[in-house]
Number of protein chains: 2
Amino acid sequence: MDPTVTLELSVDRSSPVPLYFQLSQQLEAAIEHGTLTPGSLLGNEIELAARLGLSRPTVRQAIQSLVDKGLLVRRRGVGTQVVHSQVKRPLELSSLYDDLEAAGQRPATKVLVNAVVPATAEIAAALGVPEGSDVHRVERLRLAHGEPMAHLCNFIPPALLDLDTAQLETTGLYRMMRAAGITLHSARQTIGARAATPEEADRLAEEAGAPLLTMQRVTFDDTGRAVEYGTHTYRPTRYSFEFQLLVRP
Amino acid sequence: MDPTVTLELSVDRSSPVPLYFQLSQQLEAAIEHGTLTPGSLLGNEIELAARLGLSRPTVRQAIQSLVDKGLLVRRRGVGTQVVHSQVKRPLELSSLYDDLEAAGQRPATKVLVNAVVPATAEIAAALGVPEGSDVHRVERLRLAHGEPMAHLCNFIPPALLDLDTAQLETTGLYRMMRAAGITLHSARQTIGARAATPEEADRLAEEAGAPLLTMQRVTFDDTGRAVEYGTHTYRPTRYSFEFQLLVRP
DNA sequence: AAGTGGTCTAGACCACATC
DNA sequence: ATGTGGTCTAGACCACTTC
């Protein structure tokens, strides 16, 4: 049982795509496609390298990237196995816009506020800018099927990117940042819950006191600058946070 | 500015600890300790390898592990830099017990139920066992400073581990699993919110209708078996989910 | 004993960023 | 032009698992 699988693999040495990446893509496709079934052994690295005309470190690099993704498990003395299902996607720094779009919900956005305001102490601390200095304030209502789903309030340091209201209504903030050449690196998030204030209830078509799901997030680029601070509230009957996470070995 | 830092590094070749790991630990300690300041360049890999008497791939392996942790950033043509602060810990598969202990809260646990029950359709689907088959049901109340903080309801396939009630009260479920030789691999989580039912409110010393933070989780070991399914409710005034996440490059 | 992944070496050439 | 990380090779020995 769980036999070693012989797979049709090949690499194109004239391609600019790294060899290890070509291999890892083919393996990932084979796993997704079901050619490599859960529990099956991949065959040892040396033989795999010989078959492909690659060196063992290159093959290892390909396999390692899939181990990091949670698709494969290596066991010394045993071999490399395909993980038994259930792994879909690891936790990503996703935007609500992307989440909704992936779920086929075709999200709509209504920009409520798009202005420059002085930073309060809370905002200044989160973004690492002087208190009272100018920051962009963007307040949006996210809708799906015409129903309000979330209220998003974001603060962005000035001069980072153009915050065009029309663009904010047709795409997500993260996409605009990436398009502006900002390399997102990490984020610190807090997820909680609380009762809706009357204003919040009104915005989200809920009743005052109804439970709301809350998320605060500070996002950093790869230079360590804070590029965004957000305070979001979600209707828990319409949205919840769902994700896969991997145990760091 | 941002000058290259000369660091005192050394490796012990007689140690059983891998060389790359010795190096990455020393670099991590230097970053944590402030010897390597945010933004500072690490010095090129070849020179670093020569200085330590290591090969370049070994040095790269050490650096890569810290890049994966979000502590370092590599830029082709530029060098390797220490990320500007703010990275504390990536998202881990943590238990509430560990979280509370890390916060110095000295958690207490009260086991409400520890029994074997037939699996409902929901439980069977989550754990991948036949409907109606035996599963352990563990229901616990987690307290901090004598105040209830969360209600935890877990289902565990039979014969995975000894579920001693006394042990459940003094440690966390994940610790017991690891101690039983189970290698945790991944988990699928959903975080949401809802209003407390009268029973839930009573358990957590809240009022009926009060907002509760909810979490459902299925955890898998490295063979792909589901090892635990849990349905948890938290008092949002006492607990929220806080974590750092890294953008996959 | 045999087979596996884990670690390590000493080179090489290339792509990209900066000056 | 120079220096950096990104990729790749062809070996080697070791630790662990399984039989």
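Numbered from 1 within each chain, the chains take letters A, B, ... in sequence-line order.
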Determine: side-chain N/O of A/Tyr20 to OP1/OP2 of D/dC8, distance under 4.0 Å, yes or no. no

B/Gln61 CD to D/dG6 P, straight-line distance once rounded to whole Å: 15 Å

Taken to the nearest whole Å, CG/B/Leu48 to P/D/dT4 is 12 Å

Could you state the atom-to-atom distance from CD of A/Gln22 to P of D/dG6 in whole Å? 19 Å

Distance test, side-chain N/O of A/Arg75 to OP1/OP2 of D/dC16, below 4.0 Å: no

Interatomic distance where CD belongs to A/Gln81 and C1' belongs to D/dT17 [whole Å]: 13 Å

Whole-Å distance, A/Leu41 CG to C/dG3 C1', equals 12 Å

Taking 4.0 angstrom as the limit, do B/Glu47 and B/Arg56 come out as a salt bridge? no

Salt-bridge test for B/Glu169 and B/Arg140: reply yes if a basic N is under 4.0 Å from a carboxylate O, no otherwise. no

Can you pull out how bent the helix from C/dA1-D/dT18 to C/dT18-D/dA1 is, comparing the axes over its first five and last five pairs, to 10°? 20°

Checking side-chain polar atoms at under 3.5 Å, does B/Thr183 have a donor or acceptor matched by the opposite partner on B/Asp221? no

Treat primed atoms plus P, OP1 and OP2 as sugar-phosphate and everything else as base, then score nucleotides 9-19 of chain C 5' to 3': B for base contact with protein heavy atoms under 4.0 Å, S for sugar-phosphate contact only, - for none. BB-B--BBS--

Would you say B/Asp12 has more than 12 foreign heavy atoms packed within less than 6.0 Å of its CG? yes

Whole angstrom value for the distance that separates P of C/dG5 from CD of A/Gln64: 12 Å

What I want to check is whether the side chains of A/Tyr229 and A/Thr219 have a donor and an acceptor closer together than 3.5 Å. no

Integer-rounded Å distance: D/dT4 C1' and B/Arg60 CZ: 11 Å

Ignoring backbone atoms, test whether B/Asn44 places a side-chain nitrogen or oxygen under 4.0 Å from the OP1 or OP2 oxygen of D/dG3. no

Given A/Ser40, which of A/Val82, A/Thr35, A/Thr80 fulfils the side-chain contact (heavy atoms from CB on, under 4.5 Å) condition? A/Val82

By nearest atom, which of the nucleotides D/dG5, C/dG6, C/dC8 is closest to the A/Glu45 side chain? C/dG6

Distance, nearest 0.5 Å, that separates OG1 of B/Thr58 from CG of B/Leu48: 11.5 Å

Residues B/Glu45, B/Arg74: salt bridge by 4.0 Å N-O rule: yes

Backbone N/O of B/Gly39 and side chain of B/Gln81: donor-acceptor pair under 3.5 Å: yes

Write down the distance between CZ (A/Arg74) and P (D/dT17), rounded to a whole number of angstrom. 16 Å

